[in-house]
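Have a look at the structure below, then the notes.
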Number of protein chains: 2
Amino acid sequence: MALEHAILVSLAEQAATGYDLARRFDASIGYFWRASHQQIYKTLARMEADGWVSATIEPREGTADKKTYAITDAGREELTRFSAEPSPREALRSDFAVKLRGLADVAAIVEDTRRRRADHVERLDRYEASAKRHYPDPAAIEEHERGAYLALRGGILSERTGIAWCDEILGQLETRSER
Amino acid sequence: MALEHAILVSLAEQAATGYDLARRFDASIGYFWRASHQQIYKTLARMEADGWVSATIEPREGTADKKTYAITDAGREELTRFSAEPSPREALRSDFAVKLRGLADVAAIVEDTRRRRADHVERLDRYEASAKRHYPDPAAIEEHERGAYLALRGGILSERTGIAWCDEILGQLETRSER
DNA sequence: TAGAACATGTAACCAGTTACATGATTAG
DNA sequence: CTAATCATGTAACTGGTTACATGTTCTA
């Protein structure tokens, strides 16, 4: 379970509210870990109880207090411990591959594949734009950015592969479904 | 939730016991959907209640009856319905990418990356061996095998990408951690 | 003044994991 | 005789999703 650790990584870079974190999980960190605000709030509460983060409370009238979370020393220790531990192989679960394997409705799969392809292209564009903006010269990457850069590279490689797979599928199925 | 559908795809090919399914989920179908036997038994019970599968019971003395499941017409209908529905984009969750992004312990990540690379290589070998055995001539693939072939191709492409990513990570981190 | 952005949560539910538990049959 | 394989389950827990719920502040 890495949501806690993803939050720690994020807070290690910069303290934040649950709301801020939810937005970060819609962008950079969210490239490789998705999380809803509900889950983030729940997890932050647990992490605070565990002493991994501490909240600075800004009281507000008429509505819930604003809480800005920062990583604690215990949180930093936990992050180090997590880093040293071998990471489990991702469980692969793909509705699409199941569907493809069944191949019950070629026309529907072709349509689905086109949509997926467009989605991969859109993500690839975002990742490449991000890479260009943040790391215009890959040879000049500073040590503190290297992790983020390599993670982004993983995203780029995987979106490209997604596109290639879709193209292969479409190449084999398209003509069949349209004639 | 595609476990039910993965089971339907599998049963559409061949009737099976829960145990058989668990083994299939360790092999072919398991290339893109993992499931434990506990979960398979639980799901089969629900699917039987829903009328998607029917069980032929072989009573056994002293231990639980053996149940062989077959897909029903309702199950086949459900599979068609599922096939026509757009598939949700896979939620990406990677402990490894979170760790990489944090980059708290370079030596540990290098070690982890080497392990992941070896794992990718092993899987790629299995997939390629399977492709060679089942589809020696890609030009001569029959329509009923095309889905399985394309799913396997997805596995091959993604393992290759995994290896390439690991190589890129190792290329950038290895020298740093060893000197 | 309306809608977007900021901000925080609860409750019910569901899928999946881990641990536990049993027993028969077959091959070496 | 022993280990692997065949075969089926229950129970407790955890992580994540969906639906619901509220209120403020800023900007066009």
statement: Tracing side-chain contacts under 4.5 Å among Ile, Leu, Val, Met, Phe, Trp and Tyr outward from Y19(B) reaches Y41(B)

message: Rounded to whole Å, please give me the gap between CG in L3(B) and P in dT17(C).
response: 10 Å

- request: Grab the CG-P distance between D26(A) and dA5(C) for me, whole Å please.
  value: 12 Å

query: Atom CD of Q39(A) to atom C1' of dG15(D): distance rounded to whole Å?
result: 7 Å

- prompt: Quick one: E90(B) CD to dG16(D) P, roughly how many Å, whole number?
  reply: 17 Å

query: For L44(A) and dG15(D), what is the distance between atoms CG and C1' respectively, to the nearest whole Å?
result: 15 Å

Where at least one partner belongs to residues 73-112 of chain B, residue pairs that pass ring-ring contact (aromatic ring centres under 6.0 Å, His included), sequence neighbours excluded: H5(B)-F82(B), F96(B)-W165(B)

message: With a cut-off of less than 4.0 Å, is there a side-chain N or O of R93(B) near OP1 or OP2 of dT17(D)?
response: yes

message: By the salt bridge (charged side-chain N to carboxylate O under 4.0 Å, His left out) test, which pairs, at least two apart or in different chains, include something from residues 95-104 of chain B?
response: E13(A)-R101(B), K99(B)-D112(B)

- prompt: Do NZ/NE/NH1/NH2 and the carboxylate oxygens of D20(A) and R23(A) come within less than 4.0 Å?
  reply: yes

query: What bend angle does the helix from dT1(C)-dA28(D) to dG28(C)-dC1(D) show across its length, from five-pair end axes and to the nearest 10 degrees?
result: 40°

task: Could you state the atom-to-atom distance from CD1 of I7(B) to P of dA15(C) in whole Å?
output: 12 Å

task: List in chain and number order the residues that pass ring pair (Phe, Tyr, Trp, His ring centres under 6.0 Å) with Y135(B), two or more places apart in sequence or in another chain; answer none if no residue qualifies.
output: Y149(B)

statement: In B/S/- notation (B base, S sugar-phosphate only, - none; protein heavy atoms under 4.0 Å), nucleotides 4-14 of chain D written 5' to 3' is -SBBBBB----

Qualifying side chain to side chain donor-acceptor pair (under 3.5 Å) pairs with a residue from residues 125-134 of chain A, counting only residues at least two apart or across chains: E122(A)-R126(A), E128(A)-R160(A)

query: Within this structure, what is the CD1-to-P distance between I40(A) and dG15(D), rounded to whole angstrom?
result: 15 Å

Residue mapping more 5' on DNA chain D - nearest nucleotide basis, R34(A) or G62(A): R34(A)

Show me the donor-acceptor pairs, under 3.5 Å and distance only, between side chains in residues 42-59 of chain A and residues at least two apart or in other chains.
unit_1	atom_1	unit_2	atom_2	d
T43(A)	OG1	Q39(A)	O	2.7
R46(A)	NE	E4(A)	OE2	3.0
R46(A)	NH2	E4(A)	OE2	2.7

message: Among residues at least two apart in sequence or on other chains, which ones pass salt bridge (Lys or Arg N to Asp or Glu O under 4.0 Å) with R93(A)?
response: none

message: Let's go through L150(A) and L103(B) carefully: what are the C-alpha distance in whole Å and the side-chain angles of both, what is the deciding distance for side chain to side chain contact (heavy atoms under 4.5 Å, CB included) to 0.1 Å, and is it a yes or a no?
response: CA-CA 10 Å; L150(A) 287 169; L103(B) 208 64; 5.5 Å; no

